[in-house]
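Take a look at the structure set out below.
Atoms within each ligand, like the ligands themselves, are counted from 1 in listed order.
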Amino acid sequence: MSTTDNKEQGIAPPTGDMSAAEFRRYGYKIVDWIADYFERIEQLPVLSQAEPGELVSQLPTAAPANGESMDDILRDIDRLILPAVTHWSHPSFFAYFSTSTSAPGIFGEMLSAAFDMKAMLWRTSPASTELEEVALRWLRQLMNLPPEFEGIIYDTASVSSMHAVAAARERLNLRIREDGMSGRDDLPLLRVYVSEQAHSSIEKGVITLGLGQRSLCKVQTDAEFRMDAEALRQAIEDDKARGAIPCCVVATVGTTSTSSIDPVNAIADICAEHGVWLHVDAAYAGSAALVPELQPLMAGCERADSLVTNPHKWLFTPFDLSVLYCRDMEMLRRAFSLVPEYLRTTESSDAVRNGMDYGIQLGRRFRALKLWMILRYFGHHGLAARLREHCRLARLFASWVEQSSDWELLAPTPFSLVCFRACPAKPDEPHDARATRLDALNETLMNNINSTGAAYLSHTRLGDVFTLRLAIGNIRTTEAHISRVWELLNEEAARLS
Ligand code: PLP
């Protein structure tokens, strides 16, 4: 009997969950809804056309006293929620790092929600703990990373990298776990080195760990946005000379703005020389290691102490799932393990892994299930073919940009991200006026295209130049979508010039 039936008959609300029959009925309906959604997604505007506050203003200010019918709830998903969705699964979503879910990943999420396990101890979640080991071993092998790397799943790269820096700090043996960092005269400045193109998540991790922003050293980059290894060496030597302690270097393979690749081998040499922890942020580009011919771009990663890659970025895994590989998991355990009486179990920590020992979270979602299902469903060759195609599409788009005198590339395209801008000429224009005109033109161009809902691009600034970014990573994106956005860009640029 449904909640609505009870309400109509004026009896006390039922206890317990939805009946199996009702679950089945709405479960099939929701799966149909999702299949229809993917079939019609191209008719929806990529960027939600909702105004700020629009959804809130259409929903009641308080939760219902009595349960409502699933039919009413689903109707509101169509009527109210859908218009406020920016469709990350749309094949013309080219902003940020374009990512996408996939059918096996969605099924994995459904099953994981049904099991609802909190993978803190092996005992509370043997399947989650052991499937995590298996899926991460498979992924490591596919990425051609060394067997010494053990993996752990967190939610996001921000959290993975924060844990890596915490492990690096633990390795310094400064009793920070016990004594903290405040009120200590015996603690010199600890330094974390990134390139000036590194993701802001590293700085946030440094803030979270109490190291403070002054601990972060942003090393200059070269003309192709890669960390200048000699400048890193100099920074480390200068820091040591003034008594600071180098704690961790974060190299990026696939930076957020341009997908540039830091010289990991040269950086690894410097880290080895100075005994500094090397963490590689391959949040986006790590997936490219599944494509054999792209593996050389990862050279040196095998020498890192830790590496993060995000299957939720470019491996068709529904958000969230970030993998941290670490050469010495004991550092993470030393930094984070804390076992109160009520969580003690008889399994020895040599025999089983208890996920709660390796991070700030106690309960952990069963994320490994969706990754394992994706690896099985698509297989290595299926995944590599999709990633390879994304890179081909990016190179194709970049070739159109290069061949046109009205457009220019602003960074190399090693993976599936193109950085470019419109640059129609105007005779006898002074340099500064040109720079201002092109910045304004490209910003308007991007905003106008995004507001049509036909495609969604984002931007960055490179050397103070407003730069358009076309990121390809969606499982549904084809050459037709790339051609269409190129047409749109040209039409709009012609209209604005
Ligand atoms: N690192 C890089 C290179 C990124 O591009 C991003 C996000 O785009 C992140 C880290 C942060 O990712 P997350 O959202 O998983 O924290």
With sequence neighbours excluded, what pairs up with F97 under the ring pair (Phe, Tyr, Trp, His ring centres under 6.0 Å) test? Y284
Please identify which of these residues, R334, R333, R327, meets the salt bridge (Lys or Arg N to Asp or Glu O under 4.0 Å) condition with E330. R333
Does this structure show an ion pair linking D269 with R233, if we count only N-O contacts that are shorter than 4.0 Å? no
Can you give each donor-acceptor pair under 3.5 Å made by side-chain atoms of residues 372-380, sequence neighbours left out, with the distance rounded to 0.1 Å?
{"residue": "H380", "atom": "NE2", "partner": "L290", "partner atom": "O", "Å": "2.7"}

Tell me, please, which residues at least two apart from S201 pass side-chain hydrogen bond (donor to acceptor under 3.5 Å, both in side chains). H199
Anything under 30° is parallel, anything over 60° is perpendicular, the rest tilted; go ahead and classify W33 against Y37. parallel
So what's ligand 1 close to, N/O to N/O, under 3.5 Å?
{"residue": "ligand 1", "atom": "1 (N)", "partner": "D281", "partner atom": "OD1", "Å": "3.2"}
{"residue": "ligand 1", "atom": "1 (N)", "partner": "D281", "partner atom": "OD2", "Å": "2.7"}
{"residue": "ligand 1", "atom": "5 (O)", "partner": "T256", "partner atom": "OG1", "Å": "2.8"}
{"residue": "ligand 1", "atom": "8 (O)", "partner": "K313", "partner atom": "NZ", "Å": "3.4"}
{"residue": "ligand 1", "atom": "12 (O)", "partner": "K313", "partner atom": "NZ", "Å": "3.1"}
{"residue": "ligand 1", "atom": "15 (O)", "partner": "A157", "partner atom": "N", "Å": "2.8"}
{"residue": "ligand 1", "atom": "15 (O)", "partner": "N310", "partner atom": "ND2", "Å": "2.8"}
{"residue": "ligand 1", "atom": "15 (O)", "partner": "H312", "partner atom": "NE2", "Å": "3.2"}
{"residue": "ligand 1", "atom": "16 (O)", "partner": "A157", "partner atom": "N", "Å": "3.4"}
{"residue": "ligand 1", "atom": "16 (O)", "partner": "S158", "partner atom": "N", "Å": "2.9"}
{"residue": "ligand 1", "atom": "16 (O)", "partner": "S158", "partner atom": "OG", "Å": "2.5"}

